[in-house]
Asks: 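The structure follows.
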Amino acid sequence: MATIDTIKAILNDNLDIDPDAVTDDSTFDSLDIDSLDMVELVCELEDRMGIEFGEPEGLTTVADLVAYIDSL
């Protein structure tokens, strides 16, 4: 499964965000994802993808998140 699809699935499962509303250009603010939601998203991504996320800075869009994960 592509990284973007995994993110869309998690956002749909955990936050009831329509996957069709999530694009590369979507900002976390535009999706109403606050800091607590972001922590939950990161934890779920680590579990599902078997990665150690670390503490990245400057992730503001879904594309930023995908690029960061794909670089791990």
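For this chain, numbers begin at 1 and follow the sequence in order.
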Asks: Among I33, D25, V22, which one satisfies side chain to side chain contact (heavy atoms under 4.5 Å, CB included) with V62?
Replies: V22

Asks: Could you tell me whether the side chain of T3 reaches within less than 4.5 Å of the side chain of M49, counting heavy atoms only?
Replies: yes

Asks: Find the distance between CG (L72) and CD (E52) and round it off to the nearest 0.5 Å.
Replies: 9.5 Å

Asks: With sequence neighbours excluded, give me every side-chain hydrogen bond (donor to acceptor under 3.5 Å, both in side chains) pair touching residues 28-41.
Replies: T27-S30

Asks: State the CD1-CD distance between I69 and E46, to the nearest 0.5 angstrom.
Replies: 9.5 Å

Asks: For residues 52-72, which residue pairs qualify under ring-ring contact (aromatic ring centres under 6.0 Å, His included), counting only residues two or more places apart or in two chains?
Replies: F53-Y68

Asks: What is the distance from atom CG of L31 to atom CG of L11, rounded to the nearest 0.5 Å?
Replies: 6.5 Å

Asks: So which pairs with a foot in residues 12-24 pass side-chain hydrogen bond (donor to acceptor under 3.5 Å, both in side chains), sequence neighbours left out?
Replies: D13-R48, T23-S26

Asks: Can you list every ring-ring contact (aromatic ring centres under 6.0 Å, His included) pair that touches residues 1-39, not counting sequence neighbours?
Replies: none

Asks: L65 versus L41: any side-chain heavy-atom pair under 4.5 Å?
Replies: yes

Asks: Sequence neighbours excluded, which residues qualify as side-chain hydrogen bond (donor to acceptor under 3.5 Å, both in side chains) partners of T60?
Replies: D64

Asks: Roughly how far, to the nearest 0.5 Å, is CG of D5 from CD1 of I10?
Replies: 11.0 Å

